[in-house]
Amino acid sequence: MLYVSTRGQAPELDFEGAMLAGLARDGGLYVPAEIPTLTQAQIAAMAGQPYEDIALRVMQPFTGMEPAHLKDLIDRAYAGFGHDARAPLVQLGPNHFLLELFHGPTLAFKDFAMQLIGQLFQDAMRRKGDRITIVGATSGDTGSAAMEAFRGLENVECFILYPHGRVSEVQRRQMTTPTEANVHAIAVDGDFDDCQAAVKAMFNDHAFRDRVGLTAVNSINWARVLAQVVYFFASAVALGAPQRRVSFTVPTGNFGDVFAGWIAKRMGLPIDRLVIATNRNDILHRTLATGEHRKDGVQPTISPSMDIQVSSNFERALFMAYGRDGKAVSQLMDELRDAGGFPVSQGALQALREDYDSGRCSEDDTAATIRAMHARTGEVLCPHTAVGVKVAEEHLAQTPMITLATAHPAKFPDAVEAATGARPALPPRMADLFERDERLTRIANDVDAMKTLIEKRLA
Ligand SMILES: Cc1ncc(COP(=O)(O)O)c(C=O)c1O
Ligand SMILES: N[C@@H](CCOP(=O)(O)O)C(=O)O
């Protein structure tokens, strides 16, 4: 299986090469040259299987890895999850289900991919004997998941850039309290888009990239997206796929999760609609509605992990919608950088609308949904999940709808308490989070200063 860049100018790589590279050398994102398909019988055979077995069947064709070896890494990745089903389904209404993706060690869906790529990276490094430097950008959840997966590992330094003052206190403390010396929380005076732009700028400085052995754990990295494809299969099969079609609503920011759903659909999973749910940072909803993809400044919300305007993986969706035309995508990305946006061509817009629907949820509706769902079902939603549930309710139809519950409510206690009157508790293993010492470096939104900081630390 080979991987190609969305900008068409980087060398094609195998799975391990694409994973270790992170961002392609032409600034694009790696995607599979062809998407492998599963037969309806192969999908039906997943019914009743453990999550780890489904993960093997879904991911193995993309990796070319020896199945028993990959299965061993998958088993290790999910052994620490706090629920036997890994991703349990809860029914919210007659045709509406919630997929709980927050039973991993850092209480957000990021653990599904991050725990696995932690294993995959260690496996590759054992064979190659390399040192790597991870630089990641986070709006709150990727950062703690990455630190959890890589803390204490020899030959790995992990730097996480987060927007100062724009993550919840629990999220911040999850990043600033690990004691291992190889993980570093860096508070940037900027927003998430600034942090992500800085990461991409470091990758595009090839001399720096090669000097420090830079790699990515954001959904820039194809392996992150791949691991997220699995729970679309596991949940759809639990509700009767492939005989029964399902739809998904995905709280969306960087577009990695919903793009994983698109991959599942292309692999043969009978998905009816993929609904993109945004908070008031609604660039993706506006794009689908109007055909104009235009940045509008990141606005802080009570669902801070989705406070994103430059949605990294939308580039992968555009690549597919433009018929895998790397030159066209490259031009669009230049326009986004230089002019703040671009019109999507009619053909590409039609292709996007064939697979995706979208909706936007206001701050008031987010709080009202947390409150109403708690009163009606007893289920406590995190604000991101509430954005998904609200938008999903506007798209309910004959087909069962699965909304992704992307984080545990206890990561956002203030927003949840304001809506329900009850403060969600952290799991006992994290009960002393607020007593632990914090360690962080505050830095200006200046890529050169960040590179200097990283190189100093590595020296
Ligand atoms: C809790 C939560 N929900 C939703 C999202 C959006 O997911 P994606 O960036 O894959 O669109 C994020 C961050 O990415 C998140 O942390
Ligand atoms: N919401 C994310 C933003 C980064 O997303 P990623 O999936 O590209 O890592 C976060 O919590 O950091």
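As the structure lists them, so they are numbered: ligands from 1, and atoms in each ligand from 1.
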Short list, please: which atoms of ligand 2 are under 4.0 Å from a heavy atom of Thr142? 2 (C), 4 (C), 5 (O), 6 (P), 7 (O), 9 (O), 10 (C), 11 (O), 12 (O)

Can you sort out which atoms of ligand 1 are near Ala407, meaning under 4.0 Å from one of its heavy atoms? 1 (C)

Identify the closest protein heavy atom to atom 11 (O) of ligand 2: which residue and atom is it, and at what distance? Asp141 N, 2.7 Å

Are any of the N/O atoms on Ser139, whether in the backbone or the side chain, positioned under 3.5 angstrom from an N/O atom of ligand 1? no

Pull out every atom of ligand 2 sitting under 4.0 Å from any heavy atom of Asn254, numbered as shown with elements. 4 (C), 5 (O), 6 (P), 8 (O)

Note: Lys110-Asp141 ion pair, threshold 4.0 Å (strictly below): no

Just by distance, with hydrogens left out, do Lys200 and Ser312 show a side-chain donor and acceptor under 3.5 Å apart? yes

Take atom CD in Glu394; do more than 12 heavy atoms of anything else shown fall under 6.0 Å from it? yes

Would one find an N or O of Cys382, backbone or side chain, under 3.5 Å from an N or O of ligand 1? no

Would Arg429 and Glu148 count as a salt bridge (Lys or Arg N to Asp or Glu O under 4.0 Å) if you check the C-alpha gap in whole Å, the side-chain angles of each, and the deciding distance to 0.1 Å? CA-CA 14 Å; Arg429 68 189 154 78; Glu148 179 63 26; over 6 Å; no

Who's the nearest protein heavy-atom neighbour of atom 1 (C) of ligand 1, and how far? Asp141 OD2, 3.1 Å

min-distance protein heavy atom vs atom 10 (O) of ligand 1 -> Asp257 N, 2.9 Å

For atom 13 (C) of ligand 1, what is the closest protein heavy atom, and at what distance to 0.1 Å? Lys110 NZ, 3.1 Å

Under the side chain to side chain contact (heavy atoms under 4.5 Å, CB included) rule, what do Thr63 and Leu226 come out as? Steps first, then yes or no, please. CA-CA 10 Å; Thr63 66; Leu226 176 58; 4.1 Å; yes

Which part of Arg224 is near ligand 2, with near meaning a heavy atom under 4.0 Å away: side chain, backbone, both or neither? side chain

Quick check, are the ring centers of Tyr162 and Phe192 under 6.0 angstrom apart? no

So, Asn218 side chain and Ile220 main chain: donor-acceptor pair closer than 3.5 Å or not? no

Got an N/O contact under 3.5 Å between Ser139 and ligand 2? yes

Ligand 1 to Gly253 polar contact by distance, N or O atoms, under 3.5 Å: yes

Between Asp307 and Arg166, does any NZ, NE, NH1 or NH2 come within less than 4.0 Å of an OD or OE carboxylate oxygen? no

Close approach of Lys110 to ligand 2, heavy atoms, under 4.0 angstrom: yes

Any heavy-atom pair between the side chains of Val391 and Arg360 that's under 4.5 Å? no

Any donor and acceptor pair, going by atom type alone, linking the side chain of Ser303 with main-chain N or O of Met306 inside 3.5 Å? no

Which atoms of ligand 2 have any heavy atom of Ser305 under 4.0 Å away? 1 (N)

Students should be able to answer this: which protein heavy-atom is nearest to atom 8 (O) of ligand 2, and at what distance? Ser219 OG, 2.5 Å

Using distance alone, determine whether Thr406 and ligand 1 share an N or O pair under 3.5 Å. yes

Would you please indicate if the ring centroids of Tyr231 and Tyr51 are separated by under 6.0 Å? no

Below 3.5 angstrom, do we get any N/O pair linking Thr138 and ligand 2? yes

Indicate, with yes or no, if the rings of Phe81 and His103 have centres closer together than 6.0 Å. no

Determine whether the side chain, the backbone, both or neither of Gln228 has a heavy atom under 4.0 Å from any heavy atom of ligand 1. neither

Closest approach of Phe62 to Pro32 (non-hydrogen atoms, all atoms of both residues): CE2-CG, 3.9 Å

In ligand 1, which numbered atoms sit nearer than 4.0 Å to a non-hydrogen atom of Gly256? 8 (P), 10 (O), 11 (O)

Among all protein heavy atoms, pick out the one at the shortest distance from atom 8 (P) of ligand 1; state its residue, atom name and that distance to 0.1 Å. Asn254 N, 3.5 Å

Kindly confirm or rule out an N or O of Phe255 lying under 3.5 angstrom from an N or O of ligand 1. yes

Using a heavy-atom cut-off of under 4.0 Å, does the side chain or the backbone of Thr252 touch ligand 1, or both, or neither? both

Among the heavy atoms of Pro251, does any lie under 4.0 Å from an atom of ligand 1? yes

Might you confirm whether atom CD of Glu180 has over 12 heavy atoms from other residues, nucleotides or ligands at distances under 6.0 Å? yes

Is the shortest heavy-atom distance from the side chain of Phe203 to the side chain of Leu214 under 4.5 Å? yes

Salt bridge check: are Arg286 and Glu292 linked by an N-O gap of less than 4.0 Å? no

Can you sort out which atoms of ligand 1 are near Met306, meaning under 4.0 Å from one of its heavy atoms? 4 (C), 5 (C), 6 (C)

Which ligand 2 atoms does Phe192 reach within 4.0 Å, using its non-hydrogen atoms? 3 (C), 4 (C)

For Gly140, counting its heavy atoms only, list the atoms of ligand 2 lying under 4.0 Å from any of them. 10 (C), 11 (O), 12 (O)

What's the shortest distance from atom 7 (O) of ligand 1 to any protein heavy atom, and which residue and atom give it? Phe109 CZ, 3.5 Å

